[in-house]
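Letters A, B, ... are given to chains in the order of the sequence lines, protein chains preceding strands, and every chain is numbered from 1.
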2 protein chains.
Amino acid sequence: MTREDIKSLLHKNDLRATPVRYEVLDVFSKKEEALSNKDLEDRLPDFDRVTLYRTLQSFIDKSIIHKIPGDSGSALYAFSFDDETVYKKDSHIHFQCIKCGKLECLSGFEIPIPELPSGYSMNEINMIVKGKCEKCNA
Amino acid sequence: MTREDIKSLLHKNDLRATPVRYEVLDVFSKKEEALSNKDLEDRLPDFDRVTLYRTLQSFIDKSIIHKIPGDSGSALYAFSFDDETVYKKDSHIHFQCIKCGKLECLSGFEIPIPELPSGYSMNEINMIVKGKCEKCNA
DNA sequence: TACTTTATTGCAACAATGTTACAATAATTA
DNA sequence: TAATTATTGTAACATTGTTGCAATAAAGTA
């Protein structure tokens, strides 16, 4: 993502183009991994913890990134590519490697639709698959 | 679950039968919802926060309950019924109602297997479906 | 039953993360 | 360039997660 891409993405979403936002989006669009607030603090030490927290909130509000359900204690976030349909935008397969720990969002893969109890309706699906990634299987 | 059932479940898992454990298992086996540490504190005010925390840890270790991936900040837990295969034991469909907020573990339903990138292997699947439950759809 | 052993509990204390208020500052628009 | 309004940093506080340690209670044994 170029600086111009980021600027237009921000303006399209009624967000001012500020240094933190450039940096955070730069990190997300380059790294294919999911990141926590703490991860961002480590990578971007010039910005305050709270600023990063609020930056993530604003991106969540605009659906630029999405929160990944996890059992690790702290919240994880990943970039939402905008060439997806609304349905897909809210539905993701997340893969976590049980060896190296990396958590990634498999954006190119189809989510299979589960059967639900009668009377239930479905808006969004999240799938968390644990196993070994290509690197750790080699 | 009767008191005797709980006692034998605990002993089968090398855990001493103590009051907290009776109470916590009683809550889990009756309530079909997922519960957080805080939820238990509210329901069982006679026990210390840390005791409940450690009780949950010990049940997790023995796979009596399982942790549910979520994006709510605090960890959620649900009972693991022991009439399931090992594979199913680690894999669950969790349903969260976007209206009433209830999160439940749909233990009777099949998890569809997703396709993964080549080189990846799979050990465990968790599916989190958001939508409306029967009650809220009525 | 009483005794011994060892797991378990409660308390205190601390760590990490999440969250809000408010004044200072910087990005947009005219 | 000035005015407007979003955004930032600092501080402070809330909530949840986690550990150490002495007191206590459960299980096994005589």
Side-chain angles (χ1 to χ4, degrees), chain A residues 3-27 34-62 64-77 101 103, chain B residues 3-4 6-27 34-62 64-78 101 103:
Chain A
R3 207 177 160 76
E4 273 311 305
D5 289 339
I6 293 180
K7 188 172 183 180
S8 75
L9 175 60
L10 289 172
H11 283 170
K12 197 170 64 187
N13 285 286
D14 294 310
L15 294 172
R16 290 186 180 175
T18 65
V20 213
R21 290 182 178 153
Y22 276 111
E23 297 297 329
V24 170
L25 280 183
D26 191 56
V27 170
L35 300 166
S36 67
N37 203 85
K38 183 66 170 48
D39 292 333
L40 286 176
E41 287 170 47
D42 294 341
R43 271 168 224 263
L44 306 171
D46 288 349
F47 300 104
D48 190 82
R49 195 172 73 88
V50 180
T51 302
L52 292 170
Y53 168 78
R54 279 188 286 218
T55 301
L56 290 174
Q57 296 305 311
S58 67
F59 290 169
I60 287 280
D61 288 347
K62 304 296 184 177
I64 294 171
I65 61 174
H66 61 275
K67 209 169 182 176
I68 299 181
D71 48 19
S72 68
S74 62
L76 290 174
Y77 305 87
L103 203 165
Chain B
R3 206 178 161 75
E4 274 309 306
I6 294 180
K7 187 172 182 179
S8 73
L9 175 60
L10 288 172
H11 283 169
K12 198 169 65 186
N13 285 287
D14 295 310
L15 295 172
R16 291 185 180 175
T18 64
V20 212
R21 291 182 177 152
Y22 276 111
E23 296 298 328
V24 171
L25 280 183
D26 191 55
V27 169
L35 300 166
S36 68
N37 202 85
K38 184 64 169 47
D39 292 333
L40 287 175
E41 287 171 46
D42 295 342
R43 270 168 224 261
L44 306 171
D46 288 348
F47 300 104
D48 190 81
R49 195 171 72 86
V50 179
T51 301
L52 292 169
Y53 167 78
R54 280 190 281 221
T55 300
L56 289 175
Q57 296 306 312
S58 66
F59 289 169
I60 288 281
D61 288 346
K62 304 295 184 178
I64 294 170
I65 61 174
H66 61 275
K67 209 169 182 176
I68 298 180
D71 48 18
S72 68
S74 62
L76 291 173
Y77 306 86
L103 202 164

Please examine the side chains of [Y] and [X], heavy atoms only from C-beta on, and report whether any two atoms are closer than 4.5 Å.
| X | Y | result |
| --- | --- | --- |
| B:Ile6 | B:Arg21 | no |
| A:Leu40 | A:Phe47 | no |
| B:Ile64 | B:Leu15 | yes |
| B:Ile65 | B:Val24 | no |

How close or far is atom [atom2] of [N] from atom [atom1] of [X], stated in whole angstroms?
| X | N | atom1 | atom2 | answer |
| --- | --- | --- | --- | --- |
| B:Glu41 | C:dC11 | CD | P | 13 Å |
| B:Leu40 | C:dT9 | CG | P | 13 Å |
| B:Asp39 | D:dG17 | CG | P | 11 Å |
| A:Asp61 | C:dT19 | CG | P | 12 Å |
| B:Arg49 | D:dT16 | CZ | P | 8 Å |
| A:Asp48 | C:dA21 | CG | P | 17 Å |
| B:Leu52 | C:dG10 | CG | P | 8 Å |
| B:Asn13 | C:dT8 | CG | P | 11 Å |

Inset, instruction - Look at B:Tyr53 and D:dT16 and indicate whether a side-chain polar atom (N or O) is within less than 4.0 Å of OP1 or OP2. - result: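 No, no such contact exists.
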Legend entry - side-chain N/O B:His11 vs D:dA26 OP1/OP2, d < 4.0 Å: no
Inset, instruction - Look at the side chain of B:Arg54 and the base of C:dG10, then say whether one donor and one acceptor between them are separated by less than 3.5 Å. - result: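 Present.
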Legend entry - Pairwise distance CZ(B:Arg49) to CZ(B:Arg54) - rounded to 0.5 angstrom: 11.0 Å
Inset, instruction - Quick one: pull up CG in B:Leu35 and CG in B:Leu52 and give me the separation to the nearest 0.5 Å. - result: 11.0 Å
Inset, instruction - Among D:dC21, C:dT20, D:dT18, find the nucleotide with the atom closest to the side chain of B:Gln57. - result: D:dT18
Legend entry - Side-chain donor-acceptor contact under 3.5 Å, B:Gln57 with B:Asp61: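 No - no donor-acceptor pair under 3.5 Å links their side chains.
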Legend entry - Nearest-nucleotide comparison on DNA chain C, the residue closer to the 5′ end among A:Val50 and A:Pro19: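 Mapping each residue to its closest nucleotide by heavy atoms, the 5'-most match is A:Val50.
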Legend entry - Earlier contact from the 5' end, DNA chain D, for B:Lys67 and B:Lys7: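 It is B:Lys67, whose closest nucleotide lies nearer the 5' terminus.
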Check nucleotides 3-7 of chain D for protein N or O atoms closer than 3.5 Å to its own N or O atoms and list the pairs.
unit_1, atom_1, unit_2, atom_2, d
D:dT5, O2, A:Arg16, NH1, 3.1
D:dT5, O2, A:Arg16, NH2, 3.3
D:dA6, O4', A:Arg16, NH1, 3.3
D:dA6, O4', A:Arg16, NH2, 3.2
D:dT7, OP1, A:Arg16, N, 3.2
D:dT7, OP1, A:Arg21, NH1, 2.6
D:dT7, OP1, A:Arg21, NH2, 3.2
D:dT7, O5', A:Arg21, NH2, 3.4

